[in-house]
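Comments concern the structure below.
Since the model is a prediction, treat every value here as computed from it, not as a measurement.
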Amino acid sequence: MNKWQTVKGYLLQHRVILFIYVAVTVIASVHLYSLGNSHEFAGRLYTEYNNYVIFKQSFFHLLNGKDLYAWHLDDQWDLFKYSPAFALCMGLLAWMPDVIGLVFWNLANALAVYVTIRMLPFDKKKTSLLLWFILLELLTSLQSAQSNGLMAACMIGAVALMERRKPFWATFLIMAATFIKVYGIIGLAIFLFYPDKIKFILYTAFWTVVMFFIPLVVLTPAGLMVQYQSWVDMMAHDQSVSYGFSVMGWLHSWFGLSGAKNVVTLLGIFLFFLPLVRVKQYGNQVFRLLFLAFMLIWVIIFNHKAESSTFIIAVSGVGIWYFAGEPVTWKKVLLWVVFIFTCLSPTDLFPAPVRQNILVPYVAKVVPCIAVWLLVCYELMTMKRTTHVTHQ
């Protein structure tokens, strides 16, 4: 028992977890790079780290005045869907060899999650356990070279900074998330919970202007407007029949419901704003953290484009929900259900026939997250007293 306590104490040390995060990220990145050109699309072979290639090439497309949002099959097999500002920022990595740039890109995602989780108002033990809980889901995102770690970090970091009364940098993170993926704009809802609302609005306007116009360092004003118009057009047409790992995907696969995507979306928007009517709870730290968890899960389960790699965002929300409250038995059970069916469902723990014939067709990955989100919604609507996060 003493040896186990020693090992446990060692594994909960932040420097150990940081080492694990860095090691896992580097190994995953090098392995992804080593797969080479093994993805086939339209009769051509592309790299398995195509997402990073898309991000990297966006900088050169921007620099050369090409339409960022057109197909560039000579370079990549999918469309670029982020902002011109994001494309410009990728210039920090684009000049590097792919293997090095890919490692640094994934490290940016992993370390951003690590840093912002540590900024939350939890004690050391809770923070460490939360970092361990989300690691596998983070790895899933890293293996696709996705930006979801940065998205989660921006939303978490914004709340953590507002808790420390630093609206200038909090609004920077919210707008950075928005200029990565537009749904990051929902982070603006947190301004209701804190004082200095005028500063919040002014800082938001400042960062919006900066990020909107910063591509002018390489583009003409007319060229920038063309890029934004193309971005809007691409997003407007990016509405496939896919339901993804979402509430709509669950309703479709379990109950055969289809054609109600707009109704489900409107219902999701209504439910998102519903807890905000509880103005008297704005001063409650637990309420604010639960709303952060609520946002992180909501933005995935109501996204018809949600993929397995996006669930680092939702699972971070699940972890924050658990550690913000009391660790009662039923919550522990639900936390394990999320870990098994959301985090472990894409792994070889489940035989391939089970994954292919049950877990994926019945979107098992999203179902526990939907259950947690409904519970968070209930807690937000029924919380009665002002509380702070308990420390062990």
Side-chain angles (χ1 to χ4, degrees), residues 14 17-33 35 47-59 78 80-83 85-94 96 98-120 127 130-161 172-184 187 296 299-300 303 305-320 343 346:
H14 284 160
I17 299 174
L18 175 59
F19 174 80
I20 296 297
Y21 266 57
V22 172
V24 165
T25 301
V26 172
I27 293 170
S29 302
V30 173
H31 174 260
L32 185 60
Y33 176 81
L35 296 176
T47 67
E48 288 293 331
Y49 56 93
N50 184 70
N51 286 314
Y52 173 73
V53 172
I54 292 174
F55 303 150
K56 170 185 174 177
Q57 290 300 132
S58 69
F59 172 72
D78 203 354
F80 176 74
K81 300 178 182 180
Y82 300 165
S83 70
F86 179 90
L88 180 67
C89 290
M90 283 305 299
L92 297 172
L93 301 177
M96 299 179 181
D98 279 2
V99 63
I100 298 176
L102 179 59
V103 168
F104 276 100
W105 167 249
N106 275 341
L107 278 173
N109 279 265
L111 294 181
V113 171
Y114 174 85
V115 170
T116 53
I117 289 292
R118 285 197 59 184
M119 292 170 61
L120 291 170
T127 301
L130 177 53
L131 286 167
W132 278 113
F133 175 69
I134 66 175
L135 178 58
L136 185 58
E137 203 59 59
L138 175 63
L139 176 59
T140 300
S141 180
L142 297 177
Q143 289 173 327
S144 298
Q146 278 282 11
S147 61
N148 299 303
L150 284 177
M151 288 297 298
C154 284
M155 297 173 72
I156 294 168
V159 171
L161 286 167
F172 166 76
L173 291 182
I174 293 172
M175 297 318 300
T178 303
F179 278 80
I180 296 174
K181 295 184 178 181
V182 291
Y183 62 67
L296 291 167
V299 82
I300 299 303
N303 179 5
K305 289 288 188 178
E307 303 169 324
S308 182
S309 60
T310 65
F311 273 75
I312 176 58
I313 301 172
V315 169
S316 295
V318 172
I320 291 170
C343 302

**OP:** Would you give the length of the straight line joining atom OG1 of T310 to atom OH of Y183, rounded to the nearest 0.5 angstrom?
**Re:** 6.5 Å
Original post:
Any side-chain heavy atom of L161 within less than 4.5 Å of one from M119?
Top reply: yes
Original post:
Given side chains that start at C-beta, do those of V318 and I134 come closer than 4.5 Å, heavy atoms only?
Top reply: no
Subject >> Value rounded to 0.5 Å, distance of CZ in R118 from CD1 in I156 >> reply: 14.5 Å
Subject >> H14 atom NE2: more than 12 heavy-atom contacts under 6.0 Å >> reply: yes
Original post:
Considering only heavy atoms from C-beta outward, does the side chain of L93 approach that of Y52 to under 4.5 Å?
Top reply: yes
Subject >> Atom pair CG (N106) and CD (Q146), whose distance is rounded to the nearest 0.5 Å >> reply: 10.0 Å
Subject >> From CG (N50) to CZ (F55), nearest 0.5 Å >> reply: 9.5 Å
**OP:** Kindly give the heavy-atom pair with the smallest separation between S147 and I180, and that separation in Å.
**Re:** OG-CG2, 3.8 Å
Subject >> Side chain to side chain, I312 and T140, heavy atoms closer than 4.5 Å >> reply: no
Subject >> Under 3.5 Å: donor-acceptor pair, side chain of N51, backbone of A145 >> reply: no
Subject >> Closest non-hydrogen atom pair, L150 against A112 >> reply: CD2-CB, 3.8 Å
Subject >> Ring geometry between F86 and Y82 (parallel below 30°, tilted from 30 to 60°, perpendicular above 60°) >> reply: perpendicular
Original post:
Under the 3.5 angstrom rule, does the side chain of Y21 hit a backbone N or O of L131 as a donor-acceptor pair?
Top reply: yes
**OP:** Indicate the atoms forming the closest heavy-atom contact of A110 with L142, along with that distance.
**Re:** CB-CD1, 4.4 Å
Subject >> Shortest non-hydrogen contact from N303 toward V299 >> reply: CB-O, 3.3 Å
Original post:
Which atom pair, heavy atoms only, marks the closest approach of C343 to P346?
Top reply: O-CD, 3.4 Å
Subject >> Donor-acceptor under 3.5 Å (S141 side chain, L138 main chain) >> reply: no
Original post:
If you take all heavy atoms of A94 and K56, which pair is closest and at what distance?
Top reply: O-CE, 3.3 Å
Original post:
Ignoring hydrogens and geometry, is there a side-chain-to-backbone donor-acceptor pair from T116 to G157 under 3.5 Å?
Top reply: no
Original post:
In Å, rounded to the nearest 0.5 Å, how long is the span from OG1 of T47 to CG of D98?
Top reply: 7.0 Å
Original post:
With a 4.5 Å limit on heavy-atom distance, are the side chains of I20 and W132 in contact?
Top reply: yes
Subject >> Spacing of CE belonging to M96 relative to CH2 belonging to W105, to within rounding of 0.5 Å >> reply: 13.0 Å
Original post:
side-chain contact (heavy atoms from CB on, under 4.5 Å) between I17 and T127: does it pass, once the steps are laid out?
Top reply: CA-CA 10 Å; I17 299 174; T127 301; over 6 Å; no
Original post:
Just wondering, do N148 and K181 contact through their side chains at under 4.5 Å, heavy atoms?
Top reply: yes
